Student: 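The following block contains the structure, expressed as structure tokens.
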Amino acid sequence: MIRKEGYAVKGVLLAGGTGSRLYPMTKIVNKHLLPVGKYPMIHYAVRQFQLAGIEDVLLIIGKHSAGLYMDYLGSGKQLGVRLTYRIQEEAGGIAQALLLSEGFIQRNEKFVVLLGDNLFEDCLTDAVDLFAKQQEGARVMLKQVSDPHRYGVPILHNDNILFIEEKPSTPKSNYCVTGIYMYDSHVFDIIRRIRPSHRGEMEITDVNNIYATEGKLTYGILHGWWTDAGTFQSFHEAGARLLSEDEGDRR
């Protein structure tokens with residue numbers, strides 16, 4: 001794990017959920033184990049942690065295909081990380097899943113959270129380094145998109161986010177909040193303050209907005225490609241892109 005100015009930066013990888021948008025493929029196997037390019041989807045998120053210098057990673061998965069995760073990833077040694085596994089018994093939102101990392105994340109530790117279906121080009125080393133130097137609070141990564149109304153859209157002011165509007169009909173910027181989050185250990189207290197949304201889930205946007213109202217939510221911007229590979233279209237586009245990159249590396 002990265003140690004900066006007395007802080008240990010760990011990783012938390014969220015790979016639960018039902019994958020309903022990719023049904024019926026996800027009837028057979030969890031979506032994060034579906035092949036994207038040469039590897040299962042989960043491979044790329046683990047590799048992003050390793051490239052950023054984060055070695056201690058907690059992988060939170062559902063019961064579906066749990067044994068297959070361990071068969072493929074094992075201890076994480078072959079991918080250059082140390083993996084710890086925890087099971088999310090039922091889907092209850094990203095924030096609820098994040099509570100399962102309490103204990104793995106110690107008091108005064110900082111950590112990076114990746115959603116397992118977010119695939120992206122940028123290396124996170126610089127972003128993690130900046131967050132490690134941030135005194136307190138949280139940091140999210142943004143991406144400029146053509147259809148921000150589909151996502152959480154930040155209202156920006158200098159280096160901070162004032163508020164995140166979830167799927168607004170009239171977005172106030174053309175940036176979206178990606179599934180790359182960075183938190184201090186205070187996040188667990190914040191999660192306990194929120195209530196389930198109308199979907200019955202603990203929403204990560206609610207958590208981020210508490211940081212925002214406290215003036216403690218900073219951001220970085222992804223410059224390379226990024227996708228949420230949770231739909232058939234984005235899933236196949238990501239696979240084609242990653243295969244193309246792999247072929248380019250071999251030339």
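Just so we're clear, the structure is a prediction, and the values are computed from it rather than from any experiment.
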Student: Cation-pi check for Phe120 against Lys143: NZ or CZ below 6.0 Å from the six-membered ring centre and within 45 degrees of the axis, yes or no?
Tutor: no
Student: Kindly indicate whether the side chain of Val187, heavy atoms from C-beta on, has any atom under 4.5 Å from the side chain of Ile191.
Tutor: yes
Student: Which atoms form the tightest heavy-atom contact between Gly11 and Phe104, and what is the distance?
Tutor: O-CE2, 3.6 Å
Student: Please report the closest heavy-atom contact between Thr178 and Met141, naming both atoms and the distance.
Tutor: OG1-O, 2.8 Å
Student: About how many Å separate CD1 of Ile87 and NE2 of His64, when rounded to the nearest 0.5 Å?
Tutor: 12.5 Å
Student: Are Ile164 and Ile155 joined in one hydrophobic group, where the rule is that I, L, V, M, F, W and Y side chains link up if heavy atoms are under 4.5 Å apart?
Tutor: no
Student: Assign the ring pair Phe188 / Phe111 to parallel, tilted or perpendicular, where the plane angle (0 to 90°) is split at 30° and 60°.
Tutor: parallel
Student: Kindly compute the distance separating CD1 (Ile61) from OH (Tyr85), expressed to the nearest 0.5 Å.
Tutor: 7.0 Å
Student: Looking at CD of Gln78 and CD of Gln50, how far apart are the two atoms once the value is rounded to the nearest 0.5 Å?
Tutor: 13.0 Å
Student: Under 3.5 Å, side chain of Lys110 to main-chain N/O of Phe131, donor-acceptor pair present?
Tutor: yes
Student: Can you find a pair of side-chain heavy atoms, one from Leu142 and one from Val177, that are under 4.5 Å apart?
Tutor: yes
Student: Does CG belonging to Asp159 count more than 12 external heavy atoms closer than 6.0 Å?
Tutor: no
Student: To the nearest 0.5 Å, tell me how far Met41 CE sits from Lys31 NZ.
Tutor: 6.5 Å
Student: With distance as the sole test, does Tyr44 use its side chain to make a donor-acceptor pair with the main-chain N or O of Val36 at under 3.5 Å?
Tutor: yes
Student: Scan the side chains in residues 218-230 for donor-acceptor partners under 3.5 Å anywhere in the protein, sequence neighbours excluded, and list what turns up.
Tutor:
unit_1	atom_1	unit_2	atom_2	d
Thr218	OG1	Gln134	OE1	2.7
Thr218	OG1	Ala138	O	3.4
Thr218	OG1	Arg139	NH1	3.2
Tyr219	OH	Asn158	O	2.9
Trp225	NE1	Glu245	OE2	2.7
Trp226	NE1	Asn118	OD1	2.8
Asp228	OD1	Gly230	N	3.2

Student: Same cluster or not: are Tyr39 and Leu51 linked, directly or through other Ile, Leu, Val, Met, Phe, Trp or Tyr residues, by side-chain heavy atoms under 4.5 angstrom apart?
Tutor: no
Student: Quick check on the hydrophobic clustering: are Leu115 and Val153 connected, directly or via other members, by side-chain heavy-atom contacts under 4.5 Å?
Tutor: no
Student: Answer with yes or no whether the side chains of Tyr183 and Asn208 bring together a donor and an acceptor at under 3.5 Å.
Tutor: yes
Student: List the atom of Leu124, the atom of Gln48, and the distance in Å for their closest heavy-atom pair.
Tutor: N-OE1, 4.5 Å
Student: Quick check: do Lys38 and Leu242 have side-chain heavy atoms less than 4.5 Å from each other?
Tutor: no
Student: Taking 4.0 angstrom as the limit, do Glu214 and Arg193 come out as a salt bridge?
Tutor: yes
Student: Under a single-linkage definition using a 4.5 Å side-chain heavy-atom cutoff for Ile, Leu, Val, Met, Phe, Trp and Tyr, are Leu156 and Leu130 assigned to the same hydrophobic cluster?
Tutor: no
Student: Taking side chain to side chain contact (heavy atoms under 4.5 Å, CB included) as the criterion, tell me which of Val81, Leu13, Leu59, Leu68 meets it with Leu73.
Tutor: Leu59
Student: Does the Asp184 side chain pair with the main chain of Glu136, one donor and one acceptor, at a distance under 3.5 Å?
Tutor: no
Student: Does any non-hydrogen side-chain atom of His149 lie less than 4.5 Å from one of Asp147?
Tutor: yes
Student: Of all heavy-atom pairs between Val12 and Ser101, which one has the smallest distance, and what is that distance?
Tutor: CG2-CB, 3.9 Å
Student: How long is the straight-line distance from CD1 of Ile60 back to OG1 of Thr84, given to the nearest 0.5 Å?
Tutor: 10.5 Å
Student: Do Glu201 and Pro196 touch side chain to side chain, with heavy atoms closer than 4.5 Å?
Tutor: no
Student: Examine distances only and state if a side-chain atom of Ser185 and a backbone atom of Asn108 form a donor-acceptor pair shorter than 3.5 Å.
Tutor: yes
Student: If you apply the rule side chain to side chain contact (heavy atoms under 4.5 Å, CB included), what do you find for Val57 with Val46, and how did you get there?
Tutor: CA-CA 8 Å; Val57 177; Val46 175; 5.8 Å; no
Student: Has Asn174 got more than 12 heavy atoms of other residues, nucleotides or ligands less than 6.0 Å from its CG?
Tutor: yes
Student: Where do Val145 and Cys176 come nearest, in terms of heavy atoms and distance?
Tutor: CG1-SG, 3.8 Å
Student: Hydrogens and angles aside, do Tyr72 and His43 bring a side-chain donor and acceptor to less than 3.5 Å of each other?
Tutor: yes
Student: Compare all side-chain heavy atoms of Leu100 with those of Gln88 and state whether any distance is below 4.5 angstrom.
Tutor: yes
Student: Is there a path of hydrophobic side-chain contacts, each under 4.5 Å between heavy atoms of I/L/V/M/F/W/Y residues, joining Val29 to Leu119?
Tutor: yes
Student: Identify the two heavy atoms, one from Ala95 and one from Ile194, that lie closest to each other, and give their separation to 0.1 Å.
Tutor: CB-CD1, 4.1 Å
Student: Quick one: CG on Asn209 to CD1 on Ile161, what's the gap to the nearest 0.5 Å?
Tutor: 9.0 Å
Student: Does the side chain of Asn30 come under 3.5 Å of the side chain of His32 through a donor N or O and an acceptor N or O?
Tutor: yes
